[in-house]
Amino acid sequence: MLKVIQHAWKRILLIGVLAIVAMIWGCEWRIESVARQRCLDAVEGVPEAPVAVVLGAAPRLADGRVNLFFRPRLEAAARLFKAGKVKALIVSGDNGSKDYDEPTEMKRVLIELGVPEGKIVCDFAGFRTLDSIVRAKEVFGQSRLIVVSQRFHNERAVYLARASGVEAWGLNAKDVPVALSLKTFLREKLACVKAVLDVNVLHTQPKFLGEKVAVPLE
């Protein structure tokens, strides 16, 4: 009897694992099918849009190491702006506490890279990718934009944008080898599932919206 019960539990566990794998694969496929052709590696191939949204990242990891995802995003955004593809940049990230401020640091580096300060707008409530995208539309008034991040992140952002009625493309920043970012790689798989659930089941809204903010497009 004990062997029968053990065998039944093994089957249940196997079915559960297969179901999770299938769900992750299905969500990744859904996001890629919507966004892959819209996420481009070269600035020249990106269509013009009023603004680009640079998705947030901390300059350093919790252990003090340099975040390898951070500077390449800003370098890609600076190239996009200098190429005349966009008229302004929205740097959207987490400013959840006085001692943690992604947008201000992103803006500082962009100025260092030659982007005029007056063409950079900070979104201090970009706590999640969904928040950054929806706020770009609802708070900053943009219905057509370029997203700047690494490819895996751009695809999810473009998927969320199109689900929100925003015409979006992505400029892919230089990626980081999986061997150096395994934690991010694994977390992204769960983020894809969450994105599909947010759009199709949970209908998740940003943590904060607030008053409209003008973007300097002239």
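All values derive from a computational prediction rather than experimental measurement. Each residue takes its place number in the sequence, starting with 1. Every heavy atom of this structure was used, including side-chain atoms; hydrogens, water molecules and symmetry mates were not.
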side-chain contact (heavy atoms from CB on, under 4.5 Å) against Ala161, all qualifying residues, sequence neighbours excluded:
Ile133, Val166, Ala168

Check salt bridge (charged side-chain N to carboxylate O under 4.0 Å, His left out) between Arg144 and all other residues, then give those that pass, not counting sequence neighbours.
none

Could you work out, with salt bridge (charged side-chain N to carboxylate O under 4.0 Å, His left out) as the rule, every residue matching Glu112, not counting sequence neighbours?
Arg71, Arg108

Applying salt bridge (charged side-chain N to carboxylate O under 4.0 Å, His left out), name anything that partners Asp41, two or more places apart in sequence or on another chain.
Arg151

Cluster membership besides Phe208, Ile/Leu/Val/Met/Phe/Trp/Tyr side chains within less than 4.5 angstrom, sorted by chain and number, is Phe127

Looking at residues at least two apart in the chain, or sitting in another chain, which of them share a ring-ring contact (aromatic ring centres under 6.0 Å, His included) with Phe152?
Phe69

Residues that Arg38 engages under salt bridge (charged side-chain N to carboxylate O under 4.0 Å, His left out), provided they are two or more places apart:
Glu167

For Val17, what are the other residues in its hydrophobic cluster, where any two members join if their side-chain heavy atoms are less than 4.5 angstrom apart?
Leu13, Val21

Listed partners of Leu190 passing side-chain contact (heavy atoms from CB on, under 4.5 Å), at least two apart
none

If you look only at pairs with a residue in residues 167-205, which of them pass as a ring-ring contact (aromatic ring centres under 6.0 Å, His included), with sequence neighbours excluded?
none

Partner set under side-chain contact (heavy atoms from CB on, under 4.5 Å) for Asp123, not counting sequence neighbours
Ile90, Ser92, Ala125, Arg135, Phe140

Using links of under 4.5 Å between side-chain heavy atoms of ILVMFWY residues, direct or through other members, which residues join Leu14 in one cluster?
Leu18

